[in-house]
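Protein chains get the first letters and strands the later ones, always in sequence-line order, with residue 1 at the start of each. On a predicted model such as this, the values are computed, not experimentally measured, just so you know.
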Number of protein chains: 2
Amino acid sequence: MTIELSDKVARNVPTLASIAERVGVSVNTVSRALRAPHTVRIELRRQINAAMEELNYVPNRLAGGLSGTRSDIVGVVVTSLYYSEFANIIDTLQSALLEHDLQVMLANTRYNADQELRLVRSILSWRPAAVAIIGVDHPPKVVELLKAADIPIIEMWDTGGEVIDTAVGFDHARVGAAQANHLIGQGYRRLAFVGSVRENDKRAQKRLSGLEAAAATAGLPDIVKHTAQQGGSPELGERLATELLERHPEIDAIACNSDVVAFGVLRALRKLGRRVPQDIGVVGFGDNEAASCVSPSLTTVRPDRERIGKLTAEAIVARINDAKSYTAPVEWELIVRESTVR
Amino acid sequence: MTIELSDKVARNVPTLASIAERVGVSVNTVSRALRAPHTVRIELRRQINAAMEELNYVPNRLAGGLSGTRSDIVGVVVTSLYYSEFANIIDTLQSALLEHDLQVMLANTRYNADQELRLVRSILSWRPAAVAIIGVDHPPKVVELLKAADIPIIEMWDTGGEVIDTAVGFDHARVGAAQANHLIGQGYRRLAFVGSVRENDKRAQKRLSGLEAAAATAGLPDIVKHTAQQGGSPELGERLATELLERHPEIDAIACNSDVVAFGVLRALRKLGRRVPQDIGVVGFGDNEAASCVSPSLTTVRPDRERIGKLTAEAIVARINDAKSYTAPVEWELIVRESTVR
DNA sequence: TGGCATAAAGTTACCGTTAACGCAACGATC
DNA sequence: GATCGTTGCGTTAACGGTAACTTTATGCCA
């Protein structure tokens, strides 16, 4: 479907020229009144500002961006918007960028590689000052495009891999290991992994690897995996846990790929009459706001999302100002609650 | 702080001219190969595409937008990103818009009116094809700017008030009334309202009004309000509920402004030894993904966010194509769970 | 074989803004 | 009083792309 603005004629938005004409100065003087106010007589400036106010003038940044060398868009590419996974990151990132007059342009790939390529291309076409993107694992063409764009690229959330430019995040394999070691420390022996693992969710796969490695190191039997491609939800968790325990009744601990899934797992266990944490331990990931409110309260891992947002903003500004690229590790914390302490 | 691109010289991103030169045709032919492929010889088109691929050419939409009459940005202004409040709306909206090659530019006002003005101005400066914004209550200057922009403006989430152009949402006062009537129907008599109500959260205020009106109609005593300006969270809910019951032990039902707050209220009641739903009923708003997973499970109101996103996208496309402005009512549902059924 | 429609490419102007440069008016300097 | 640096503004030329128009090549028909 093609989309066009209705009729060109009707649109009559004011330009610098409208202001200039009204005040009786050149276009450039009006531009200067905006960009370099001190170069314009205060009295004239007042007239110009009044005219702008009156006509509801809004600068055209398409033109500004094309003409000037600077851009104030920052492209932000996330893989999901559901369930607060990255919302807090975007939130802090955006408000931090606002202080530098940088505007966020958002894209959501929904864990789809084709979509990612398309969206990155689309964002780059706006000639952003920088791009922040979730993850360090991207299709080759995406990497190529991002590199060719010749702007700061900040990869967020994950640091375990090859970085294009600058990364702000943490090593997900270690998270998985921490989950496993905690469960093992509590005496659990037959571990399972449950959740929504999208094909392109490399972070989930890394956490699983960490989990498996730690279990192997401890001499435990292989971790039983039961995952699905569809998005995470309590309903999914409930289904997966039920199916899992039907096939593997020996399981005594379940690590979930997200808290939302863990909520459903807890519900399933309640229905099956398995006591948590006595019979089965459950650990989540993400520190959903409700994790402390379900019962039993959920042991989980809290990534410092606010800090990722903040550090990403800092990295963007630093890199725009020609600082060297770097990797900023971000803390995360295992929050131990009732669901794993027996 | 001023931000500039490092050194103009170093940047060497390919333009249509680079492609044209390489293939040995005019700039315009390359442009046509993109915009109107059938007007270019297939053999030549192939060469052009190859050159674009090779040089990693990405069209410059600043230039395109300035030159052409169309824009494919849709500005989306939300008041919050926390706790899935609007994340699902953005998610569906974005993927629906993607099918029409429309790109989302996101802004988050955090319930701040000054910020709203600033962000709307910033978004309009990109000459978007349309703007979607949360709520129908905006500062006068914002309304003026949006009207002057002469593009489709879709107000989402709320319909109870004066609409600029087109609205997609529901009447929040009726939600409040439904909450009250449900509680009353369950035999609760001393109602309270608890939660985070930001100064500019007109929707929360409307729900409260509906709640109060329904209580008054039923001949109940005035609703006790205990709110805070800070953002909603379980911790806030816990604190507010504790303080509330200290001062008003007679309260036997609490309506919360959001589910996240309700989660904290439930926790407070557990600590205080008040049984839910027997001693006190609790109703939330928003249908947080965990609402069915806390215990007792939470009675709440589920706004159809996916539908709002979808209908907003439809409205945008329709209005861009000159359809008349309208108001689309969106369904919501009272989900009755354990927390109010005694 | 001339005339004419059509296809395929080139030319030119313009979108709104900014940067570089130019120039007049004026006060300070020696 | 000629020189010079400021201040304050105007002029002009981009930025990269698109649309309207023009030109050239090609095929078809009478």
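Backbone-only engagement by Leu44(A) is indicated by non-hydrogen atom pairs under 4.0 Å involving sugar-phosphate atoms exclusively.
Nucleotides of DNA chain C nearest to Thr15(A) and Val25(B) differ in position, and the one nearer the 5' end is that of Val25(B).
When each of dG17(D), dT18(C), dC15(D) is scored by its nearest atom to the side-chain atoms of Leu16(B), the top-ranked nucleotide is dG17(D). Residue Ser26(A) has its side chain nearest to dG10(D) when only dC15(C), dG10(D), dT18(C) are considered.
In this structure, the CG atom of Asn60(A) is 18 Å from the P atom of dC15(D), given to the nearest Å. The interatomic distance linking Arg46(B) (CZ) with dA8(C) (P) rounds to 14 Å, in whole Å. Taking atom CG on Leu62(A) and atom P on dG17(D), their separation rounds to 14 Å, with Å as the unit. For the pair Arg61(A) CZ and dC15(D) C1', the interatomic distance rounds to 17 Å; values are reported in whole Å. Atom CZ of Arg45(B) and atom C1' of dA9(C) are 14 Å apart (whole Å). Going from atom CD of Gln47(B) over to atom C1' of dA8(C) covers 14 Å, rounded to whole Å. Between Leu66(B) atom CG and dG17(D) atom P there is a gap of 12 Å when expressed in whole angstrom units. Rounded to whole Å, the distance from CG on Leu124(B) to C1' on dG16(C) is 16 Å.
In this structure a side-chain-to-backbone donor-acceptor pair under 3.5 Å is present from Arg319(A) to Ala323(A). Distance alone, capped at 3.5 Å, is enough to place a donor-acceptor pair between the Asp165(B) side chain and the Ile153(B) backbone.
Axis angle across the helix from dT1(C)-dA30(D) to dC30(C)-dG1(D), with five pairs used at each end and values rounded to 10°: 50°.
A distance of 5.5 Å separates CG of Leu81(B) from CG of Leu106(B), quoted to the nearest 0.5 Å. With rounding to the nearest 0.5 Å, the separation of CD1 in Ile134(B) from OG in Ser80(B) is 9.0 Å.
With sequence neighbours excluded, no residue forms a ring pair (Phe, Tyr, Trp, His ring centres under 6.0 Å) with Trp126(B). For Phe86(A), the ring pair (Phe, Tyr, Trp, His ring centres under 6.0 Å) partners at least two apart in sequence or on another chain are Trp157(A). Applying the side chain to side chain donor-acceptor pair (under 3.5 Å) criterion to Asn108(B), with sequence neighbours excluded, gives Asp91(A).
Counted by atom type alone, Lys141(A) and Asn56(B) present one or more donor-acceptor pairs between their side chains at under 3.5 Å.
For residues 28-43 of chain A, proximity to DNA chain C is found at Asn28(A), Ser31(A), Arg35(A), defined as any non-hydrogen atom under 4.0 angstrom from a strand atom.
Residue pairs satisfying the salt bridge (Lys or Arg N to Asp or Glu O under 4.0 Å) criterion with at least one member in residues 12-40 of chain B, sequence neighbours excluded, are listed as follows: Arg22(B)-Glu54(B).
At the phosphate of dT17(C), OP1 or OP2 sits under 4.0 Å from a side-chain N or O atom of Tyr57(A).
Below the 3.5 angstrom threshold, one finds a donor paired with an acceptor across the side chain of Ser67(B) and the base of dG17(D).
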